[in-house]
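Report on one structure; see the data block that follows.
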Amino acid sequence: MADMGAFREAVGRWAAGGPGGRATELAAELGLRTAVLLEGPSDLAAVETLAARRGRDLGAEGVCVLPMGGAMSVGRYAGLLGPPGLGLRLTGLCDEREQSYYDRALRRARAPRPGFFVCAADLEDELIRAPGPAAVEAIVAAEGDLRAWQTFLRQPAQHGRPRSRQLRRFLGTKKGRKIRYGRLLTEALDLAAVPAPLDALLANV
């Protein structure tokens, strides 16, 4: 039976220059109608966690959430999955500093720009600001990362920086940490105070 992981892998190979036949077959088998384009796996962890908390099975709804491996891949993915390719409806998240790049890429793919929602810095920043830095530090401590966090804060480059920026940088200092905290911070969110871009994205699929 086809599964979403196989589709993601097939699309990744296709985006890297391989054949698109397998991705096309899987899209049909899975009944896909929408592709959610995200920069990376930490964003994927957050979106899937929030969907689960809201009792939604995105795969069963014909929605595939795809990490692209970076914002610069959006043109390639939009062309393969959107109107020029598989004809899926496209939506997703982008960072404010990359908004103009997304706009150009989506125009080329004939995909509507309003389906993409803008994070002020990135999704990690949104997930930190929603509960506040103190709440995030409590999660860091509960996860056994307090010593690493304290060591990080002693680095000269971190002196005088806002706590939210320190936390955001800390999440990216170890492989796998951003993914783990993408899930943890989303699990800890008050569902009445979900960051606006993430909330709008889930409402749009």
Side-chain angles (χ1 to χ4, degrees), residues 1-51 57-119 121-125 168 171-183 186 197-198 201-202 204-205:
M1 179 180 290
D3 64 60
M4 208 61 76
F7 177 71
R8 290 191 187 110
E9 290 176 6
V11 171
R13 291 192 293 270
W14 191 14
R22 183 57 178 155
T24 302
E25 291 171 4
L26 288 169
E29 290 177 25
L30 291 164
L32 296 183
R33 58 178 182 80
T34 299
V36 179
L37 303 183
L38 304 172
E39 280 196 34
S42 62
D43 299 335
L44 170 66
V47 170
E48 290 193 328
T49 298
L50 181 59
D57 181 343
L58 295 181
E61 295 175 26
V63 178
C64 182
V65 187
L66 287 152
M68 302 181 292
M72 297 302 105
S73 297
V74 66
R76 179 70 172 154
Y77 274 76
L80 296 178
L81 302 176
L86 296 184
L88 302 180
R89 175 174 170 266
L90 302 180
T91 186
L93 296 173
C94 71
D95 300 345
E96 189 174 56
R97 65 183 177 275
E98 287 148 357
Q99 186 175 351
S100 62
Y101 181 80
Y102 271 67
D103 287 344
R104 291 192 298 272
L106 293 170
R107 278 198 300 271
R108 287 195 299 271
R110 304 192 304 277
R113 164 65 182 79
F116 283 72
F117 304 94
V118 181
C119 299
D122 55 23
L123 185 54
E124 285 78 23
D125 177 63
R168 182 168 157 246
L171 297 185
T173 57
K174 181 180 178 181
K175 185 177 181 180
R177 184 178 280 157
K178 281 179 70 172
I179 300 171
R180 181 161 62 99
Y181 277 92
R183 175 179 56 79
T186 308
L198 186 56
L201 175 66
L202 263 293
N204 190 52
V205 296

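These numbers were taken from a predicted model, which means no experiment stands behind them.
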| task | Kindly write out the residues that satisfy side-chain hydrogen bond (donor to acceptor under 3.5 Å, both in side chains) with Thr186, not counting sequence neighbours, or none if the list is empty. | result | none
| How would you list, by chain and number, every residue that makes a salt bridge (charged side-chain N to carboxylate O under 4.0 Å, His left out) with Asp43, sequence neighbours excluded? | none
Give the table of side-chain donor-acceptor pairs shorter than 3.5 Å for residues 70-83, with sequence neighbours excluded, one pair per line with atom names and distance.
unit_1	atom_1	unit_2	atom_2	d
Ser73	OG	Met68	O	3.4
Arg76	NE	Ala15	O	3.2
Arg76	NH2	Trp14	O	3.1

| query | Which residue pairs pass the side-chain hydrogen bond (donor to acceptor under 3.5 Å, both in side chains) test with at least one member in residues 17-28, sequence neighbours excluded? | reply | Arg22-Glu25
| note | For Glu48, the salt bridge (charged side-chain N to carboxylate O under 4.0 Å, His left out) test, sequence neighbours excluded, returns Arg8
| Looking at residues at least two apart in the chain, or sitting in another chain, which of them share a side-chain hydrogen bond (donor to acceptor under 3.5 Å, both in side chains) with Thr173? | Arg177
| Heavy-atom distance under 4.5 Å between the side chains of Val118 and Tyr102, does that happen here? | no
| message | So which atom in Val205 and which in Val36 form the shortest heavy-atom distance, rounded to 0.1 Å? | response | CG1-CG2, 3.8 Å
| Who pairs with Ala28 by side-chain contact (heavy atoms from CB on, under 4.5 Å), at least two apart in sequence or on another chain? | none
| By side-chain hydrogen bond (donor to acceptor under 3.5 Å, both in side chains) - contacts of Glu9 (at least two apart) | none
| message | I'd like to check Leu32 versus Met4 (side-chain heavy atoms, cut-off strictly below 4.5 Å). Are they in contact? | response | yes
| note | On a heavy-atom basis, the closest approach of Cys64 and Phe7 is SG-CD2, 3.5 Å
| query | Looking at CD of Glu98 and CZ of Phe116, how far apart are the two atoms once the value is rounded to the nearest 0.5 Å? | reply | 12.5 Å
| said: Give me the atom names and distance for the closest heavy-atom approach of Gly40 to Pro67. | reply: C-CB, 3.5 Å
| message | Which heavy atom of Asp125 sits nearest to which heavy atom of Arg168, and what is that distance? | response | CB-CD, 3.7 Å
| said: Under the rule for side-chain hydrogen bond (donor to acceptor under 3.5 Å, both in side chains), what residues qualify as partners of Glu39, not counting sequence neighbours? | reply: none
| note | Residues at least two apart in sequence or cross-chain that pass side-chain contact (heavy atoms from CB on, under 4.5 Å) with Arg107, listed by chain then number, are Asp103, Arg104
Donor-acceptor pairs under 3.5 angstrom involving side-chain atoms of residues 87-97: please list them, not counting sequence neighbours.
unit_1	atom_1	unit_2	atom_2	d
Arg89	NH1	Asn204	O	3.0
Arg89	NH2	Asn204	O	2.7
Arg89	NH2	Asn204	OD1	2.8
Thr91	OG1	Gly115	O	2.3
Thr91	OG1	Asn204	ND2	2.9
Arg97	NH1	Ala121	O	3.2

| field | Interatomic distance, Leu44 atom CG to Leu66 atom CG [nearest 0.5 angstrom] | value | 8.5 Å
| query | What pair of heavy atoms forms the shortest contact from Ala45 to Thr49, and how long is it? | reply | O-OG1, 2.6 Å
